[in-house]
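Let me begin by presenting the structure, written as structure tokens, before commenting on it.
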Amino acid sequence: MVSYKELGLVNTRDMFAKAIKGGYAIPAFNFNNMEQLQAIISAAVETKSPVILQVSSGARKYANQTLLRYMAQGAVEYAKELGCPNPQIALHLDHGDSLELCKSCIEMGFSSVMIDGSHLPYDENVALTRSVVEYAHQFDVTVEGELGVLAGIEDDVVAEHHTYTEPEEVVDFVSKTGVDSLAISIGTSHGANKFTPEQCHRDANGILVPPPLRFDILAEIEKQIPGFPIVLHGSSSVPQDEVATINKFGGALKDAVGIPEEQLRQASKSAVCKINIDSDGRLAMTAAVRKVFAENPAEFDPRKYLGPARESLKKLYEHKIINVLGSNDRL
Ligand code: G3H
Ligand code: 13P
Ligand code: ZN
């Protein structure tokens, strides 16, 4: 058993309390390789932001659990080397689907886990989430639960339709499970095609405009559990310049559309204190790599295409931290 505390990581409790009080949200960026991790840490250090390193079960299989543990420990040391004496970094399991997986992550140094029982009948979601909380809290590991279903792809689970979180259920869920934070469904969705064109309208420039987030449901939830940490999944904004670059250099992304950044900025000022972003990073990396190959077809040194991808990612993360989540200058 490796405690996250030995690795220099923190759980999310203090981060969330400060974020709610300060009216900002903590970035939760997914990673599964070194360049993504370097970009996340250097962006967080440069902007003086706390950060959540998020690992899905797919990412864990891809990267290897032992390597991930040392990468997270290395991330703390790297942040210090970059000039941050007291980095606030959490290592979080994204969309955990079983008690066994959560236990295994906790034993390998995770400081926070999500148990996603949102696809289960309510009572089963409560029982599964409760079992994870009971285990995790023995080690001071924080737990995120989820109520309501997001459309899109969540690891191996694909949901075609979303179900908004029922505000009437949140008090019961939070008190019965003992979770530390709650992911809700108010209209965000996973992936780079969050809405079909039929669900959107087009603005004067022909750009797809998605339906707005349900801030009324968020307000109702906040009324039920005042000051309780809320999490938004599926919060990529799908930057249209990255999509255009990908398509210009041989990609085929059609009707990709995300959540407008102004709406995420608005949500960050509420009890939403963790915002999950993965797809935007994938787009930024892919655009940069495609550009290098299109302009230099003879290139075959991975540093020559992963380097620009890392630089583009870092810029994206700094932008999110400063202009969307407002978590800069908090260390
Ligand atoms: O919510 C899903 C995240 O974007 C992780 O995606 O399961 O493909 O690693 P993944
Ligand atoms: P995006 O697909 O919108 O980046 O969402 C990521 C996410 O919710 C990870 O849990
Ligand atoms: Zn998610």
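Whatever order the structure lists them in is the order used to number ligands and atoms, beginning at 1.
- Every atom of ligand 1 is numbered from 1 in the order shown, and the set under 4.0 Å from a heavy atom of Ser56 is 5 (C), 7 (O), 9 (O), 10 (P).
- Counting atoms of ligand 1 from 1 in the listed order, those under 4.0 Å from a heavy atom of Asp278 are 3 (C), 4 (O), 5 (C), 6 (O).
- Inclusion of Gly234 in the set of residues having an N or O under 3.5 Å from an N or O of ligand 2 is warranted.
- Side chain to side chain, Thr142 and Thr12 meet the donor-acceptor criterion of an N or O pair below 3.5 Å.
- Ser104 and Arg60 share a side-chain donor-acceptor pair at under 3.5 Å.
- Ligand 1 lies less than 4.0 angstrom from a heavy atom belonging to Arg282.
- Polar contact with ligand 1: absent for Asn30 (N/O pair, distance under 3.5 Å).
- The backbone N or O of Val292 lies less than 3.5 Å from a partner atom in the side chain of Asn296, making a donor-acceptor pair.
- A salt bridge links Glu220 to Lys223: at least one charged side-chain nitrogen sits closer than 4.0 Å to a carboxylate oxygen.
- For ligand 2, none of its N or O atoms has an N or O atom of Asn30 under 3.5 Å away.
- Within the 4.0 Å heavy-atom criterion, the part of His95 lying near ligand 1 is the side chain and not the backbone.
- For Ser327 and Ser49, the side-chain atoms include at least one donor-acceptor pair closer than 3.5 Å.
- Both Leu232 and Val174 are assigned to one and the same hydrophobic cluster, defined by single-linkage of ILVMFWY side chains at heavy-atom distances under 4.5 Å.
- Residue contacts with ligand 1 for Arg60 are absent, since no atom lies close enough (heavy atoms, distance under 4.0 Å).
- Only the side chain of Asp94 comes within 4.0 Å of ligand 2, counting heavy atoms alone; its backbone N, CA, C and O stay farther away.
- Of the heavy atoms in Ala192, none comes closer than 4.0 Å to ligand 2.
- A salt bridge links Lys314 with Glu318; the closest basic N to acidic carboxylate O contact falls under 4.0 Å.
- Hydrophobic clustering keeps Leu283 apart from Phe29 (ILVMFWY residues linked when any side-chain heavy atoms are closer than 4.5 Å, directly or through intermediates).
- Proximity of Asp94 to ligand 1, defined as any heavy-atom pair under 4.0 Å, is confined to the side chain (atoms from C-beta onward).
- Residue contacts with ligand 1 do not include Gly58, since none of its heavy atoms lies under 4.0 Å from the ligand.
- Listed by atom number, the atoms of ligand 2 under 4.0 Å from His190 heavy atoms are 2 (O), 5 (O), 6 (C), 7 (C), 8 (O), 10 (O).
- Ligand 2 has no N or O atom lying under 3.5 Å from any N or O atom of Asp280, backbone or side chain.
- The ligand atoms of ligand 2 that sit less than 4.0 angstrom from a heavy atom of His95 are 10 (O).
- Seen from the Zn ion (ligand 3), atom ND1 of His233 and atom NE2 of His95 lie 90° apart in angle, a value rounded to 10°.
- Judged by the shortest distance from any of its heavy atoms, Lys194 lies inside the 4.0 Å radius around the atoms of ligand 2.
- Checked for salt-bridge contact, Lys291 and Glu295 meet the test: a charged N lies under 4.0 Å from a carboxylate O.
- Ring geometry, His233 versus His190: the interplanar angle exceeds 60°, so the pair is classed perpendicular (tilted spans 30 to 60°).
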